[in-house]
Structure formats: structure tokens, C-alpha cells
Participant: 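Here it is, the structure, as C-alpha cells.
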Amino acid sequence: MRNVLSFPSFSMVSLCTGIVAILLVAYIGLIATVMSYATLTIEFSQSVRNDEAAVAVLESTYLANVAQLTNTDYAAAGYAKPLVETFVRAQSATALR
């Protein structure tokens, strides 16, 4: 009897089956990654739309308040125009110097 080193023999079918299984798992993982990326992108775009709507509401409130101030009758509110305008020279230096 001879001592022959024997290696476990793999059939070509089992080797191909293993490779297909590995590729299938990798494919499923890539599909899951792409789907999660798409979900995050859609969620972000919806968040941007919600923020734009909130800013639009705040802008309309601001513009309505400005229009209300602009249309105010100051004479009816008790304000009067000054009778005399005078120029007053400041004695101290300005804050920019």
C-alpha cells in the first residue's frame, strides 16, 4: 500500500452551487442597501417639503403683520408730527471710532 495524500474532492456541481449561493446573498444585500438608500432619499425630500411649508406659513404671517403695520393710522393711534425739527450735535465720540 502506498501512502498517497488525498485531498477532499469537490465536485464541480457543489462548487458552482456554493458560488451561486454566495452571489445570491450578495445580491440580496445590495438590493437591501439600494432600497434603504431610496427610502432615506424620499424621507429627506419629504422633510424638505415640510420645512418649506413651515417657512411659507411663517413668511405669510410676517407679511400680514407688516401689512397691518403699514396700514395703521398713526394719527388715530395718538401720534402727531413734530412741530419743529432741530439738529443736535453729539458731544461724545461714536462707537465706530
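The basis for the numbers below is simple: all heavy atoms, side chains too, and nothing from hydrogens, waters or symmetry mates.
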Participant: Kindly compute the distance separating OG (Ser47) from CD1 (Ile42), expressed to the nearest 0.5 Å.
Facilitator: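 Result: 13.5 Å between the selected atoms.
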Participant: CG of Leu63 to OG1 of Thr70: how many Å apart, nearest 0.5 Å?
Facilitator: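 The OG1 atom of Thr70 is 10.0 Å from CG of Leu63, to the nearest 0.5 Å.
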Participant: Between Ile22 and Leu30, is there a shared hydrophobic cluster once you connect ILVMFWY residues whose side-chain heavy atoms come closer than 4.5 Å?
Facilitator: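 Different clusters.
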Participant: Does Ile19 share a hydrophobic cluster with Met12, counting links as ILVMFWY side-chain heavy atoms below 4.5 Å and allowing steps through other members?
Facilitator: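 Yes, same cluster.
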Participant: Transitively linked via ILVMFWY side-chain contacts under 4.5 Å: Val34 with Leu23?
Facilitator: no
Participant: For the residue pair Ser14 / Ser11, report whether a side-chain donor-acceptor contact shorter than 3.5 Å exists.
Facilitator: yes
Participant: Is there a donor-acceptor contact under 3.5 Å from the side chain of Thr41 to the main chain of Tyr37?
Facilitator: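 Side chain of Thr41 to backbone of Tyr37: a pair is present.
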Participant: In Å and rounded to the nearest 0.5 Å, what is the CG to CD distance from Asp51 to Gln46?
Facilitator: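 Separation between the atoms: 10.0 Å.
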